[in-house]
Amino acid sequence: MNWQSERIWIELITGSRKISNFFWAFILFLGSLGFLLVGTASYLGRNLISLFPYQQIIFFPQGIVMSFYGIAGLFISSYLWCTISWNIGSGYDRFDRKEGIVCIFRWGFPGKNRRIFLRFLIKDIQSIRIEVKGGIYTRRVLYMDIRGQGAIIPLTRTDENLTPREIERKAAELAYFLRVPMELK
């Protein structure tokens, strides 16, 4: 969701609370739970899951390996659920021509530096830059070049796959709003 007037442009950034993250965290949780149950069933010598009779899986080495994969998967799944609940990477970009200030805010991991807040003067912005990283999976990222600091955090999400036309339109609108040049790198 974006909001724009003559003098202020606010762009909300979605973080890790995306449908794909919920999907993968849930699938990983179920899969790792299954591995752990099969490993535990082979150790206890009784069926916990009817699909896999415990007699077919010997505890040493298959049961141990499946239990290890189950525990590892549960740790990774809990990490994903934590990033979803903390909404890592969410925030906003606020461009205020009236006050001449750009504010960039993002939520990070809990701790001393959980709030990432950057503030710049609009007059220090050299350009809005589109960076294209080629290869099998071409990525287009929008950056803001600041005098003396270079390119700072991306203004678009790195997993946001915009078409060349969309990224150019977004960069042109922002460069026009801030009255700075646009460059392609």
Practice task
Show your reasoning for whether salt bridge (Lys or Arg N to Asp or Glu O under 4.0 Å) applies to D96 and R119.
Solution key: CA-CA 11 Å; D96 190 345; R119 181 179 274 186; over 6 Å; no
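- Contact detail for Q126 and V180: the closest heavy-atom pair is O-CB, 4.3 Å.
- Residues R94 and I8 have side chains in contact (heavy-atom distance under 4.5 Å, counting atoms from C-beta outward).
- Hydrophobic clustering (side-chain heavy atoms under 4.5 Å, transitive across Ile, Leu, Val, Met, Phe, Trp, Tyr) keeps Y69 apart from L80.
- Around CZ of F117, the count of heavy atoms belonging to other residues, nucleotides or ligands within 6.0 Å exceeds 12.
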Practice task
Evaluate the side chain to side chain contact (heavy atoms under 4.5 Å, CB included) criterion for residues W107 and N87: first the C-alpha distance (whole Å), next the side-chain angles of each, then the deciding distance (0.1 Å), finally the verdict.
Solution key: CA-CA 7 Å; W107 285 109; N87 204 8; 5.7 Å; no
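- Smallest separation of non-hydrogen atoms from R97 and E6: NH2-O, 2.5 Å.
- For the 3.5 Å distance criterion, the side chains of N21 and S16 fail to qualify, holding no donor opposite an acceptor.
- Side chains of Q62 and V65 form no contact here, defined as non-hydrogen atoms less than 4.5 Å apart.
- The distance from atom CZ of R140 to atom OG1 of T163, rounded to the nearest 0.5 Å, is 7.0 Å.
- Linking Ile, Leu, Val, Met, Phe, Trp and Tyr whenever their side-chain heavy atoms come within less than 4.5 Å puts L30 and F75 in one cluster.
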Problem - K18 vs F23, side chain to side chain contact (heavy atoms under 4.5 Å, CB included): CA-CA, chis, key distance, verdict - result: CA-CA 9 Å; K18 298 183 299 184; F23 173 77; over 6 Å; no
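- The distance from the CG atom of D124 to the CD1 atom of I101 is 11.0 Å, given to the nearest 0.5 Å.
- Proximity of S90 to T14: side-chain heavy atoms (C-beta onward) are nowhere separated by under 4.5 Å.
- Hydrophobic cluster membership is shared by L44 and F60, with clusters built from Ile, Leu, Val, Met, Phe, Trp and Tyr side chains linked at under 4.5 angstrom.
- Around atom OH of Y43, no more than 12 heavy atoms belonging to other residues, nucleotides or ligands sit under 6.0 Å away.
- In this structure, the side chains of V102 and I104 come closer than 4.5 Å at one or more pairs of heavy atoms.
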Exercise for the section: Give the C-alpha distance, both sets of side-chain angles, the deciding distance and a yes or no for side chain to side chain contact (heavy atoms under 4.5 Å, CB included) between L178 and K123. Expected result: CA-CA 9 Å; L178 296 173; K123 66 181 181 179; over 6 Å; no
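- Listed for the S77 side chain is no donor-acceptor partner under 3.5 Å among the backbone atoms of G73.
- With respect to the salt-bridge test (charged N to carboxylate O, under 4.0 angstrom), the residues E11 and K170 qualify.
- I146 and L142 fall within the same hydrophobic cluster, defined by Ile, Leu, Val, Met, Phe, Trp and Tyr side-chain heavy atoms under 4.5 Å apart, directly or through other members.
- Shown here is R7, whose CZ atom has no more than 12 heavy atoms of other residues, nucleotides or ligands within 6.0 Å.
- With a 4.5 Å cut-off on side-chain heavy atoms, S127 and M182 do not count as touching.
- Within the model, atoms CG of L155 and CG of L174 stand 6.5 Å from one another, a figure rounded to the nearest 0.5 Å.
- For the residue pair R106 and D93, the shortest heavy atom distance occurs at NH1-OD1, 2.8 Å.
- Pairing each heavy atom of F177 with each of S5, the nearest pair is CE1-O, 3.7 Å.
- Using cut-offs of 30° and 60° for the angle between ring planes, the W86 and F109 rings count as perpendicular.
- Heavy-atom neighbours of F22 CZ from other residues, nucleotides or ligands within 6.0 Å: above the threshold of 12.
- Note that CG of L121 is 10.5 Å distant from CZ of R147, once rounded to the nearest 0.5 Å.
- Y79 and F26 fall into different hydrophobic clusters, where Ile, Leu, Val, Met, Phe, Trp and Tyr residues are linked whenever their side-chain heavy atoms come under 4.5 Å apart, directly or through other members.
- Summarising the geometry of S67 relative to G39, their closest heavy-atom pair is OG-CA, 3.3 Å, with the distance given to 0.1 Å.
- Closest approach of R17 and S85 over heavy atoms only: NH2-O, 2.7 Å.
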Exercise for the section: Decide side chain to side chain contact (heavy atoms under 4.5 Å, CB included) for I130 and E168; before the verdict, give the C-alpha distance in whole Å, the side-chain angles of both, and the deciding distance to 0.1 Å. Expected result: CA-CA 8 Å; I130 302 172; E168 285 175 11; 4.0 Å; yes
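- Counting non-hydrogen atoms of neighbouring residues, nucleotides and ligands closer than 6.0 angstrom, the CZ atom of F120 exceeds 12 such neighbours.
- In this structure, F59 and M66 have side chains that are not in contact, with every pair of non-hydrogen atoms separated by 4.5 Å or more.
- Between atom CD1 of residue I128 and atom CD of residue E183 there is a gap of 9.5 Å, rounded to the nearest 0.5 Å.
- By the neighbour-count criterion of 12 heavy atoms within 6.0 Å, atom CZ of F29 is sparsely surrounded, having that number or fewer from other residues, nucleotides or ligands.
- Atom CD1 of residue I64 and atom CD1 of residue I58 lie 11.5 Å apart, to the nearest 0.5 angstrom.
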